[in-house]
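Here the structure comes first, spelled out in C-alpha cells, and everything after it is commentary.
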Amino acid sequence: MTSTISAHRLADLIAAGGGAPVGGEQAAYRQLAEGVRRLVADGRILAGARLPSERDLTAALGLSRTTVSSAYTVLRERGYLVSRRGSGSVVTLPSGPVPGGPLVPLDGLDDDVIDLTLAAPSAPDGMTEAYEEALAALPHHLGGSGHHPYGLLEVRELVAQRYAERGLPTTPDQVILTTGALAGLSVVLRALGRPGDRVLLESPTYPNAMAAVRRSGLRPVGLALDRGGLDAEGLEVTLRQSAARLAYLVPDFHNPTGTLVDEQTRERVASVLRRQRSVAIVDEAPAELVIDVPDGAMPRPLAAFDDHAITIGTASKVFWGGLRVGWLRASVSDVARLQQARLSLDPGVPLVEQLALATLLRRRHTVIEHRRRQLRTSRDALVGALRTLLPQWRFTVPAGGLCLWCELPAPRSSALVEAGLRHGVRLAPGGSFGVDGGLESFVRLPMAQPADVLVAAVGRIARAWDDAQDAPTHRPPPLIA
C-alpha cells in the first residue's frame with residue numbers, strides 16, 4: 001500500500017524541521033533535498049510514501065519549479081526517491097527498507113556486557129513471598145481440572161478493579177487472562193484479522209508487535225509519529241488511504257518514544273476510529289509506569305472513549321517479566337470471539353502464576369509506588385550522564401515508561417550498535433523500531449536497569465559513538481526485546 005503525502009502536509013513537515021529553503025536557487029534546492037532526506041531518516045516520512053507532484057509542491061512552498069525539480073533529482077541520485085511513470089515519486093531508502101524484526105534477549109552474554117536491548121525491570125521486593133502464598137493457596141484448587149480458560153475469577157476481578165480506578169468501568173467478564181501481552185496481541189490478530197488484511201502501526205513502534213502482525217499473515221502499514229506523538233489527523237489520512245481494519249496503538253508512555261497522548265487527542269483518535277470503522281488494539285504495557293505525572297492528571301484509557309477498543313495489559317512491566325501473565329479487556333460482545341481464537345493457541349494461563357499475580361495485584365499500590373521511585377532514580381541518572389558525556393544527543397525526558405528515545409547528531413545508529421558491542425554494551429538500532437526501516441538517526445535506551453549500571457553504560461556508549469563517526473555501516477543482526 002502506497003500512501004500519499006499532500007503538498008501542504010510536506011510543506012508543514014519541512015517547516016517544522018527547520019524552515020523552508022531560503023537563499024539563491026542553487027542553495028534552495030539543496031536545502032529542500034536535505035530537508036526531505038532528514039524527514040525520511042527521522043522516520044517522519046516512511047519508505048513507500050508517495051511525494052506530491054513537483055507542480056503541487058512548487059505552489060505549496062512558493063518556490064520555483066526548477067528548485068523543486070532539482071531537489072527531487074538530488075533525492076533520486078542519493079537513493080531516497082524512485083520516480084516511475086504512473087506511480088509518481090515514491091520514497092525509498094538507499095540500502096532498501098529494513099523492517100524492524102523482533103527484539104530477542106540473548107542468554108550467555110559475557111558478564112561485563114551491559115544489555116540495553118531489554119526494556120524490562122528486575123523483580124520487585126515481595127516476589128518470592130507472592131509465589132510462596134500462591135503455593136500455599138494451590139491445594140484449594142487441586143481438586144479441579146486446573147483449567148480456567150478465561151482466567152481465575154479473583155484475578156479478573158482485581159484487573160477490572162484497577163481499570164475502574166483509572167476511569168474505565170470494567171466487569172470481570174470483560175477480562176481474559178493470557179500468557180503475556182504478546183500472546184494477547186496474537187489472540188486479537190487471530191480473532192479479528194484475515195490473511196492479507198492491513199494493520200496500522202505507529203512508526204516507530206514495538207518490534208515484536210510488528211513481527212506478530214507479519215507472522216499472522218497480515219500486512220503492516222506505518223503511521224509516522226509527530227514529535228509530540230500520535231496525530232489524529234495523520235491517523236485518519238492513513239486509515240482512509242490504507243483501509244486498515246485494525247490499528248495497534250501505544251498511547252501511554254509509548255515504546256520507544258516515551259510520549260503520553262493527552263485526553264483531548266484520545267477523544268479525537270476515538271472519533272477517527274469510529275468514522276473509519278477500524279478497531280484499536282491498545283497496548284497498555286507501560287501505562288502504570290508513571291514517574292512525574294500525578295495520578296489525577298493521567299488521561300483515562302483510550303477505551304474510555306471507544307467502546308470497541310481492545311486493550312492489552314501485562315504483569316511484566318510493573319511486576320516482573322518472568323511472571324508470564326497478561327490480559328485482554330474488551331466489550332462483553334467481543335470476549336467470546338477472542339476466547340475462541342485464544343483456545344487455538346493455548347488452554348489458559350498456568351495456575352500458580354495467576355495466584356502469584358493475585359497477591360501482587362492486592363498489593364499493587366505499594367509495588368507500583370516502589371517501581372516508580374526506582375524508575376525516577378534510573379531515568380534521572382541516565383539523563384544526567386547523557387547530558388554530560390553526549391551533550392549533542394537530543395531527547396525529550398519522558399514522564400513515565402521504560403524508554404528514552406535519543407536522536408543522534410548524525411544517522412549512525414547501526415554503526416553505533418556495532419561499535420557498542422566492542423565496548424561492552426548491546427544496543428538496538430533505530431531501524432528495528434521502524435515499520436519500513438529507516439530511523440538511522442535514533443537509538444532507544446531503556447531506563448529499567450539500576451542507576452549505576454546506566455551511568456556505566458553511557459560511558460561505554462560515548463566511547464562507541466566516537467568510534468562510530470567514521471566507521472562503515474553494516475546492517476546489524478535482528479535483535480529482540
With distance as the sole test, does [X] use its side chain to make a donor-acceptor pair with the main-chain N or O of [Y] at under 3.5 Å?
{"X": "Glu284", "Y": "Thr311", "result": "no"}
{"X": "Arg460", "Y": "Val425", "result": "no"}
{"X": "Ser413", "Y": "Gly430", "result": "yes"}
{"X": "Arg371", "Y": "Val318", "result": "yes"}
{"X": "Glu202", "Y": "Leu230", "result": "no"}
{"X": "Lys317", "Y": "Ala119", "result": "yes"}
{"X": "Glu440", "Y": "Ser414", "result": "yes"}

How long is the gap from [atom1] on [X] to [atom2] on [Y], to the nearest 0.5 Å?
{"X": "Arg162", "Y": "Ile368", "atom1": "CZ", "atom2": "CD1", "result": "5.0 Å"}
{"X": "Leu416", "Y": "Gln469", "atom1": "CG", "atom2": "CD", "result": "9.0 Å"}
{"X": "Leu389", "Y": "Arg387", "atom1": "CG", "atom2": "CZ", "result": "13.0 Å"}

I'd like to know if the side chain of [X] pairs up with that of [Y] as donor and acceptor (distance under 3.5 Å, no hydrogens or angles considered).
{"X": "Arg65", "Y": "Thr58", "answer": "no"}
{"X": "Thr377", "Y": "Arg373", "answer": "no"}
{"X": "Ser331", "Y": "Ser333", "answer": "yes"}
{"X": "Ser378", "Y": "Gln449", "answer": "no"}
{"X": "Arg337", "Y": "Gln340", "answer": "no"}

*Lys/Arg-Asp/Glu bridge criterion (N-O < 4.0 Å) met for Glu34, Arg37*: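 Arg37 and Glu34: salt-bridged.
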_Restricting to non-hydrogen atoms, name the atom on Leu182 and the atom on Ala209 that form the minimum distance, rounded to 0.1 Å._
CD1-N, 4.3 Å
